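Quick notes on the structure that follows.
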Amino acid sequence: MSLDVDEDLATEVEESPSFAPSVSLALLLNGNKELLKLDIACKEWGFFQIVNHGMQKELLQKIKDAATEFFSLPIEEKNKYAMPSNEIHGYGEKTLYWEVIEAYTNEVRRVSKEILSSWSVIMWMQKHVFPGLHKESLEGFRVNYYSPCNTPEQVLGLSPHSDTSTITLLMQDDVITELEIRHQGGWVPGIPISDALVVNVGDVIEILTNGRYKSVEHRAVTNKNKKRLSYALFVCPNGDVEVEPLDHTIDAQNPKLYQKVRVWRLFETNSEGEIEGKNTPRFGKDRGS
Ligand SMILES: O=C(O)CCC(=O)C(=O)O
Ligand SMILES: [Fe+2]
C-alpha cells in the first residue's frame with residue numbers, strides 16, 4: 001500500500017529540509033510526484049508545510065489582527081470569554097470575531113479535506129475515504145499566545161505532546177517560531193515559510209495507518225524578547241467514531257499495532273497524563289486500556 005519509490009525524490013525530501021518539508025496543495029491536486037513528497041514527509045517527519053494553498057493573504061492577516069487585538073485587551077475583559085477549566089478552547093470562540101474565525105476556519109477546512117483526500121489516494125483508497133470519516137467532524141480552533149519570557153531556557157510555552165486529531169493545521173507568525181518537533185531523537189526548530197500552514201499528522205491517522213504515519217511530538221519554547229501567536233485548527237472524526245488500523249495496512253510484515261478505540265476515549269485519556277508526550281502507545285494491540 002505505497003506509492004512507487006522515487007529514490008531521488010526520497011533523498012531530496014529527507015535531506016534538504018532542516019524542518020518539515022514543503023508540499024504544494026496546487027501540485028497535490030494534480031500530481032503523483034507531490035503525493036509522493038507528501039507521503040515521505042509524513043513518514044519521515046510527521047510534519048510538513050503546505051504552500052500554494054489558495055488562502056487569501058488578507059484573510060490570514062485578518063485573523064492575526066483579530067487575535068492581536070483580543071490579546072491586548074485588559075485581563076478582566078478577556079476573562080469574560082474564558083471557558084471552563086476542563087475545556088480545550090481557552091477563551092471562547094463563539095463570541096468575539098466570529099465572522100473572521102468562521103471565514104478562516106472554512107478555508108483551513110478546505111485545505112484539510114484536500115490533504116485527507118490525498119492521504120486516501122496515497123493509501124490506494126478512493127479519494128473520499130478519509131474525508132468521509134470526517135463528515136461529522138469534531139473541530140477545535142485554538143489561538144496560542146506566548147508572552148516573552150525572561151528565562152526561555154527554563155520555561156516551555158507548550159510541553160511535548162502529540163495532537164489528538166486526525167490532522168492539525170497551524171498558522172504562525174512569519175518571522176519567529178518557537179515550534180520544535182521531535183526528529184531522529186532531537187528537537188528541530190521550525191523555519192517558517194511565509195504564509196504556509198504547518199500541518200501535522202495526529203493520533204487518529206497514526207492508528208488508522210497502523211503507524212505508517214506517526215503523530216510526532218512537538219513543543220513550543222519561549223522567546224526572551226518577543227511575544228508569539230499561533231493559530232491551530234484540529235480536525236478529528238466525531239467522538240462516537242471507532243478507529244482502528246485499516247485492513248489493508250496489516251499484513252505479515254506489518255502486524256496490527258493498535259486496538260479499536262472510540263475517538264472520545266482518545267480525548268479522555270489524553271488528559272489523564274499517564275504517558276508523557278504521546279497518547280497512542282496506550283492503545284497498543286497488547287495493552288489493556
Ligand atoms: O504554537 C505552536 O507552535 C504549537 C501549538 C500546538 O502544538 C498546539 O496547539 O497543539
Ligand atoms: Fe500540538
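Whatever order the structure lists them in is the order used to number ligands and atoms, beginning at 1. If you read the sequence from its start, that first residue is 1, and numbering goes on from there. Computed from a prediction, not measured in an experiment: that's the story for all the values here.
Nearest protein heavy-atom neighbour of atom 5 (C) of ligand 1: Asn144 ND2, 3.4 Å.
Proximity of Leu158 to ligand 1, defined as any heavy-atom pair under 4.0 Å, is confined to the side chain (atoms from C-beta onward). Neither the backbone nor the side chain of Glu178 comes within 4.0 Å of ligand 1, counting heavy atoms alone.
The only option from Lys43, Arg212, Lys278 that meets the salt bridge (Lys or Arg N to Asp or Glu O under 4.0 Å) definition with Glu206 turns out to be Lys278. With Phe130 as the fixed residue, the side chain to side chain contact (heavy atoms under 4.5 Å, CB included) test singles out one of Ile115, Ile205, Thr166: Ile205.
Nearby protein atoms of type N, O or S around the Fe ion (ligand 2) amount to 3 (distance under 2.8 Å).
Between Tyr145 and Phe71, a ring centre-to-centre spacing shorter than 6.0 Å is recorded. With ring centers used as reference points, Trp124 lies 6.0 Å or more from His248. Side-chain rings of Phe234 and Phe141 stay apart, their centers remaining 6.0 Å or farther from each other.
Here the side chain of Thr249 pairs no donor or acceptor atom with the backbone of Pro245 at under 3.5 angstrom. The backbone N or O of His161 sits less than 3.5 Å from a side-chain atom of His218, completing a donor-acceptor pair. The closest donor-acceptor contact from the side chain of Asn200 to the backbone of Phe47 lies at 3.5 Å or more, if one exists at all. Although no hydrogens or angles enter the test, the distance criterion places a donor-acceptor pair under 3.5 Å between the side chain of Asn279 and the main chain of Leu266. Arg219 places no side-chain N or O within donor-acceptor distance of the main-chain N or O of Leu158, the cut-off being under 3.5 Å. In this structure, Thr222 contributes its side chain and Val155 its backbone to a donor-acceptor pair below 3.5 Å.
Atoms of ligand 1 found under 4.0 Å from any heavy atom of Arg228, numbered from 1 in the order shown, are 1 (O), 2 (C), 3 (O). For ligand 1, the atoms sitting less than 4.0 Å from at least one non-hydrogen atom of Leu179 are 3 (O), 4 (C), numbered in the order shown with element in parentheses. The atoms of ligand 1 that sit less than 4.0 Å from any heavy atom of His218 are 7 (O). Interface of Tyr146 with ligand 1, defined as ligand atoms under 4.0 Å from a residue heavy atom, comprises 1 (O), 2 (C), 4 (C), 5 (C). Close approach of ligand 1 to Phe234 (heavy-atom distance below 4.0 Å) involves ligand atoms 8 (C), 9 (O), 10 (O). Listed by number with element, the atoms of ligand 1 under 4.0 angstrom from any heavy atom of Asp163 are 10 (O). With ligand atoms numbered from 1 in the order given, ligand 1 contributes 8 (C), 9 (O), 10 (O) to contacts under 4.0 Å with heavy atoms of Arg142.
Here's the thing with His161: one of its N/O atoms is less than 3.5 angstrom from an N/O atom of ligand 1.
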